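The block underneath contains the structure these notes are about, expressed in structure tokens.
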Amino acid sequence: MKRLPRAMPKPTAHIIDWFHIAMKIQPMQQIADHMARSRSGPLETLPATDRDIRAVKWRLWHGQVDRAIRDLEQLLARLKASQGDGEFSIARLHSLGSQLLTYVRSNRGAIVNYGKRYRAGLRVATTLAELAVNSLVAKRMVKKQQMRWSLHGAHMLMQVRTADLNGELHDRLRTRFRQPEPTVPPMFKPKPPLLRAA
């Protein structure tokens with residue numbers, strides 16, 4: 001997938017979907033909130049942990065990757081020091097923080113200023129496209145389903161869904177029906193019916 005932008009006709013940039021980053025931070029926030037409500041864990045760690053997780057999320061949203069990494073490293077060091085108490089929540093929080101740190105370091109060049117993009121009206125997440133793929137294609141292309149789609153049927157449905165998301169479906173439905181272009185790859189062309197030998 002990372003090679004795909006290089007094959008595109010116009011210059012493109014690989015950007016990590018904000019949804020993926022947020023879904024890695026959310027469990028950390030939930031654990032910190034639970035620890036604060038139940039007062040579990042070392043009392044001196046509780047307020048700083050929640051604040052630091054929110055700070056890391058804010059820095060990543062604003063594209064401040066190096067500062068987010070530094071804050072996350074400090075948070076992990078503080079959690080490691082208080083982990084000797086045998087607290088499961090702190091150990092889990094440390095594990096999730098380590099995974100987030102690895103993810104952010106690995107994708108450092110693809111994390112942008114999401115806040116600026118959002119204010120400019122640009123997309124920061126591809127949730128709609130992923131939802132369409134998961135709900136429309138993945139469920140029906142699995143072999144265990146009774147009504148499995150053909151490749152041609154799935155391709156045609158994805159064209160309709162894409163046109164709907166792009167706001168082009170209404171105009172396309174108003175135009176006269178036309179035959180499919182001959183440039184359609186053979187994989188998506190309908191196959192002729194089988195003829196029986198006489």
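For this chain, numbers begin at 1 and follow the sequence in order. Keep in mind it's a predicted model, so treat the numbers as computed, not measured.
- Each of Lys80, Arg105, Arg78 was compared with Glu73 under the salt bridge (charged side-chain N to carboxylate O under 4.0 Å, His left out) criterion, and only Arg105 meets it.
- Looking at every heavy atom in both residues, Ala32 comes nearest to Ile53 through CB-CD1, 3.9 Å.
- The distance from the CZ atom of Arg51 to the CG atom of Asp71 is 10.0 Å, given to the nearest 0.5 Å.
- Every side chain to side chain contact (heavy atoms under 4.5 Å, CB included) that Leu122 has, sequence neighbours left out, goes to Arg117, Ala120.
- Within the model, atoms CG of Leu60 and OH of Tyr114 stand 8.0 Å from one another, a figure rounded to the nearest 0.5 Å.
- One distance of note links OG1 of Thr162 with CG of Leu169; it measures 10.5 Å at 0.5 Å rounding.
- Salt bridge absent: Arg59 and Asp66 never bring a charged side-chain N and a carboxylate O closer than 4.0 Å.
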Listing, residues 94-103 side-chain donor-acceptor contacts under 3.5 Å, not counting sequence neighbours, or none:
unit_1: Ser98; atom_1: OG; unit_2: His94; atom_2: O; d: 2.9
unit_1: Thr102; atom_1: OG1; unit_2: Ser98; atom_2: O; d: 3.0

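- Summarising the geometry of Leu93 relative to Met28, their closest heavy-atom pair is CD1-O, 3.5 Å, with the distance given to 0.1 Å.
- Separation of atoms CD1 (Ile69) and CD (Gln64) is listed at 12.0 Å; rounding is to 0.5 Å.
- Between Val124 and Asp17 the shortest side-chain heavy-atom distance does not fall below 4.5 Å.
- When all heavy atoms of Ile90 and Leu79 are compared, the pair lying nearest together is CG2-O, 3.6 Å.
- Each side-chain hydrogen bond (donor to acceptor under 3.5 Å, both in side chains) pair with one or both residues in residues 18-29, not counting sequence neighbours, appears once here: His20-Glu130.
- A donor-acceptor contact shorter than 3.5 Å links the side chain of Asn113 to the backbone of Lys116.
- Here the straight-line distance linking atom CD1 of Ile16 with atom CD1 of Ile111 works out to 6.5 Å at 0.5 Å rounding.
- Asp52 and Arg67 are not joined by a salt bridge, as no carboxylate oxygen comes within less than 4.0 angstrom of a charged side-chain nitrogen.
- Inter-residue side-chain proximity for Lys57 and Trp61 is flagged as unmet; no heavy-atom pair is nearer than 4.5 Å.
- Separation of atoms CD (Gln30) and CZ (Arg92) is listed at 11.0 Å; rounding is to 0.5 Å.
- The cluster map of Ile, Leu, Val, Met, Phe, Trp and Tyr, joined by side-chain heavy atoms under 4.5 Å apart, puts Tyr118 and Val65 in the same cluster.
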